[in-house]
Amino acid sequence: MSRKSSPQAVATLKQISYRIASTPVERLPQIIPNLAGLLWNCRDLLGSTSASTKQGSDDGMLIHRLNVQLTTLLQDRTVQGRWSAVVLTKAIIEAGGLETLSKSNGWVKNLLGILKKPDPPTTRRLTVITLTRIFTLTWDHSNLIREITTPALPTFISTCLSNVERKTCSSSEIQTVLEAFAVLVPRHPATFRTFEGQIRSLCKRILSNDEHIARSMYYSEGHRAAARLLLVALHCCAPKQGAFEKWDEIFKTTTTAAHATCDQVFRAVIEDWKSTSGIQPSLSSQDLVVGECQSVDEDAAGLSRWSGIFAGGQRLITLVDLVSSHVTSSTAGPGPVRLGMMLDLVTRICGVIVPTAARQDFTKPNQQIAKDERDALYTLLPGVHVAVLRLMIVVLERFGTAITSVIPGLLDQSLWVFRAEKGDDSIRAATYALHADILTLMGQTLDKDQVIELTQVVMSCCSDLIPEDEPTSAVVNGTFKGNGANKHSSNGSARSAHTKGTAVYHELESAAARLLPVLLAKLNTRHMPRKLRAQLDRTAILTKNKDGLIASVLNPPVNAAATGLQSSLLPFLAKLFPSFPEVEAILRPCMPVLLTGRKGGEEEEEEEDEEEEEEDGNDLEVENADEDEDEVLEIEKVGSEIAAKAQASAEPDLLSALDAHLDSTSGQDQSEDLYDATPPASTVNASAFGSATVTAPPIDASKRTTPHSGALDHEPEQSSKRQRMTLDPEPVSAAPSTTSVQEQPAVLGAGLAAAAAKALSDDGSDFEMPPLTMEMDTDSEDEGDEEDEDVLPL
């Protein structure tokens with residue numbers, strides 16, 4: 001797909017072409033960095049297809065002129081011109097994309113020619129980088145691999161190997177070649193198979209670092225790291241799908257060589273170790289103590305011989321790092337890893353530690369070896385243990401939770417080494433990094449004893465973040481005063497101020513700062529001593545460690561004396577980091593979402609919905625009121641019929657008894673509160689109707705009527721109130737029932753009910769009238785009077 005070029009890109013490309021043509025070749029290196037940066041702004045124009053450039057003749061001519069200028073510079077006779085051409089070639093190919101890459105075959109040939117010329121090492125190094133970039137860009141296009149990479153790669157490999165052997169080759173050029181080969185070998189194993197022997201010999205020579213062979217160059221740690229990666233990548237060159245078998249073979253021989261080196265290096269002490277992977281001693285115990293500490297011949301890994309305890313310690317570190325490179329590097333195919341053999345090597349090396357005053361018995365010296373060699377071994381042990389700790393870190397990063405069963409063993413071995421050699425900064429830095437990975441995987445599963453064992457590591461981490469050996473000073477009465485002395489830190493060493501500028505100290509501080517939030521977040525607070533947690537919180541506050549403060553807030557300490565939580569570090573977190581989103585989320589986790597910019601139509605719809613809900617509620621209330629009115633009318637009708645029958649058939653004795661009761665109440669004092677909360681109770685027995693009880697408040701004499709004359713007169717007043725009548729399904733002869741009347745009519749209503757029941761029971765039928773219950777449900781204020789009503793048994 002063609003991309004449309006902008007007028008600004010055209011103007012920029014014109015400026016680049018003009019400056020290349022107008023500037024003398026000797027002065028081109030001064031402006032090339034600026035021109036290379038401007039080429040990226042012209043990527044749309046450089047990446048346009050041939051069809052699009054034909055339509056615009058100016059653009060096509062401009063690109064063609066720049067390509068001709070670049071080709072001319074690649075063939076220039078001056079070093080400055082060729083150096084400028086190499087830089088511009090890489091910039092144009094990366095900016096132009098596929099369209100420019102497909103036309104770069106001629107440039108690749110010119111770059112290979114520059115690589116063969118005796119140019120300065122910087123030019124050859126840039127040429128290697130440019131060619132490697134071109135080869136990697138062709139990986140996604142099989143046609144470009146056939147046209148560009150496959151024809152040029154053999155020449156590139158052979159030329160690089162010959163340049164490395166030259167005396168004029170610089171250390172940076174060697175490292176660049178090794179890194180380029182490590183990138184290209186996995187994708188082009190068939191091409192590199194022809195040169196595998198030469199490449200392997202080069203890598204082994206760099207890793208051997210043999211002092212007995214005269215060399216004109218010192219190989220740095222960067223060279224050894226690149227050589228390790230390239231040596232492991234060479235297993236891809238194995239024929240017939242045997243790449244992983246080759247990798248496993250190299251891994252096994254490297255581990256065996258490391259054990260053979262340990263036999264020589266650790267001969268000054270008596271090891272308390274037995275192999276669990278079938279590793280046999282390289283020499284007998286009698287032969288080990290004879291002569292100098294050295295290797296007899298080339299070891300199993302193919303590295304050259306070494307002599308001396310210091311050379312042996314360096315060789316052991318190299319072999320352990322080579323095992324680490326096997327774990328980190330990719331393989332050509334899947335396959336099993338000899339994890340047991342690797343952990344067996346780790347256990348052996350961690351078993352030999354520097355003796356301390358409190359642990360002299362753990363490292364037993366071999367009296368057959370001189371004390372000087374043993375002291376030299378103790379000097380080398382921290383470096384060897386750092387390499388082993390790095391191997392543990394690599395294993396955890398590579399396998400993760402798949403090796404959970406062996407993580408507790410790795411933790412114990414690292415603590416064993418840390419307690420003995422915590423005075424070394426590199427040991428502490430490696431231990432912090434390892435424990436950060438271990439606690440991230442399984443920190444919450446540690447029990448109380450395991451957490452307490454980490455106390456020394458925690459205190460050392462806090463001490464490294466807040467050094468106690470800094471001189472304190474203050475201003476008193478305008479005079480500057482200091483203590484003039486350095487305190488010793490908890491790890492037993494006094495660090496001066498100038499150590500803060502070293503690379504080791506920066507690595508140590510970075511590892512401790514990474515471990516601090518992990519300790520606060522992953523360790524169970526119930527298992528951690530209060531003083532230890534207080535020290536962690538103090539360190540997080542003083543160092544302004546944001547991750548540590550957040551971890552402390554999210555995992556607060558638990559008070560051992562009570563179930564409540566102690567004070568939180570949230571105020572410090574909010575004050576130190578008020579603008580960070582994670583702090584904002586902790587402070588306001590339940591902030592509701594505010595909806596703004598709503599349309600008017602939505603608001604109108606909501607108002608209509610609310611009105612409809614109100615109308616539905618009013619309709620429901622009206623329907624309920626109608627139903628209640630019908631029920632009241634029906635109850636009034638039934639009550640009138642029962643009252644009429646009761647009046648016609650009421651017995652004289654019952655009516656006389658009721659009249660006597662009314663006369664007895666008329667003699668009470670008129671000023672007495674007839675509606676007192678505790679009215680007197682009056683009873684009337686009616687054994688003929690069974691056992692019934694009526695509760696009624698006393699009434700005023702002025703309102704009293706006789707049963708013969710006032711029963712029907714009060715009936716309209718009584719029926720005008722809303723009443724609820726319920727029929728008891730049980731017969732009268734059953735258990736006694738209670739009929740409660742909350743308001744008037746009281747005595748009259750009870751008499752009518754009893755008379756009606758008697759009249760219905762004497763009509764000669766078998767039907768028994770159940771007792772009636774008349775209740776009022778309209779006046780809620782009379783609920784308090786129900787408790788104090790009179791009880792009249794009929």
Side-chain angles (χ1 to χ4, degrees), residues 428-429 431-433 435-440 443-444 446 448 451-452 454-476 482-483 486-491 495 497 499-500 505-592:
R428 295 202 305 277
T431 303
Y432 298 158
H435 286 185
D437 294 339
I438 291 177
L439 296 180
T440 302
Q444 298 177 351
L446 299 181
K448 186 175 182 179
V451 173
I452 293 176
L454 295 173
T455 301
Q456 292 188 12
V457 178
V458 175
M459 297 303 294
S460 178
C461 176
C462 297
S463 177
D464 287 328
L465 290 175
I466 309 176
E468 299 178 0
D469 55 352
E470 294 183 358
T472 58
S473 59
V475 178
V476 180
N483 57 6
N486 291 338
K487 299 180 181 180
H488 288 271
S489 60
S490 60
N491 53 36
R495 298 193 308 272
T499 58
K500 291 188 174 183
Y505 178 79
H506 289 301
E507 181 183 1
L508 175 62
E509 187 179 19
S510 176
R514 176 172 171 255
L515 177 62
L516 180 64
V518 177
L519 292 171
L520 289 168
K522 298 300 181 180
L523 291 182
N524 193 341
T525 56
R526 298 183 181 273
H527 299 161
M528 186 182 300
R530 297 177 60 184
K531 293 183 179 180
L532 191 64
R533 179 55 189 263
Q535 181 66 19
L536 287 173
D537 291 341
R538 173 177 175 270
T539 304
I541 295 172
L542 295 179
T543 59
K544 299 181 180 179
N545 192 314
K546 178 174 66 70
D547 296 334
L549 291 173
I550 292 176
S552 179
V553 170
L554 298 180
N555 190 24
V558 178
N559 191 352
T563 57
L565 299 179
Q566 294 181 353
S567 59
S568 174
L569 300 187
L570 188 58
F572 296 97
L573 178 63
K575 182 178 181 180
L576 294 175
F577 308 99
S579 60
F580 284 82
E582 51 266 41
V583 179
E584 197 71 19
I586 295 175
L587 293 175
R588 285 177 275 274
C590 300
M591 173 71 75

Q: For residues Pro578 and Glu584, report the shortest heavy-atom separation together with the two atoms involved.
A: O-OE1, 3.8 Å
**Q.** Gap separating the CG atom of Asp537 from the CG atom of Asn545, nearest 0.5 angstrom
**A.** 11.5 Å
Q. How about Arg533 and Thr525: do any of their side-chain heavy atoms sit closer than 4.5 Å?
A. yes
Q. From Lys575 NZ over to Lys544 NZ, what is the distance, rounded to the nearest 0.5 angstrom?
A. 9.5 Å
Q. Side-chain contact, heavy-atom cut-off 4.5 Å: Phe577 with Ile550?
A. no
Q: Determine the minimum heavy-atom distance between Leu515 and Tyr432, stating which atoms define it.
A: CD2-CD2, 3.7 Å
(Q) Does any part of the side chain of Leu542, heavy atoms only, come nearer than 4.5 Å to the side chain of Leu465, both counted from C-beta? (A) no
Q) Which atoms form the tightest heavy-atom contact between Pro517 and Ala551, and what is the distance? A) O-CB, 3.6 Å
Q. Hey, does Leu446 have a side-chain heavy atom less than 4.5 Å from the side chain of Asn524?
A. no
(Q) Using 0.5 Å steps for rounding, measure from the CD atom of Gln535 to the CD1 atom of Ile466. (A) 6.5 Å
Q. Can you tell which of Val451, Leu532, Leu439 makes a side-chain contact (heavy atoms from CB on, under 4.5 Å) with Leu519?
A. Leu439
Q. What is the distance from atom CG of Leu454 to atom OG of Ser460, rounded to the nearest 0.5 Å?
A. 12.0 Å
Q) How about Leu520 and Asn555: do any of their side-chain heavy atoms sit closer than 4.5 Å? A) no
Q) How far apart are the closest heavy atoms of Ala512 and Cys461, and which atoms are they? A) O-SG, 3.4 Å
Q. Roughly how far, to the nearest 0.5 Å, is the CD atom of Gln444 from the OG1 atom of Thr440?
A. 10.0 Å
Q) Are any of the side-chain heavy atoms of Leu587 and Leu570 separated by less than 4.5 Å? A) yes
Q: Measure across Ala436 and Arg514 and return the closest heavy-atom pair with its distance rounded to 0.1 Å.
A: CB-NH1, 3.5 Å
Q | Distance in Å, Leu554 CG paired with Glu582 CD, rounded so as to fall on 0.5 Å steps | A | 10.5 Å
**Q.** Side chains of Val458 and Met528 in contact at under 4.5 Å (non-hydrogen atoms)
**A.** no
Q) For the residue pair Leu508 and Asp464, what are the closest heavy atoms and their distance? A) CD1-OD2, 3.8 Å
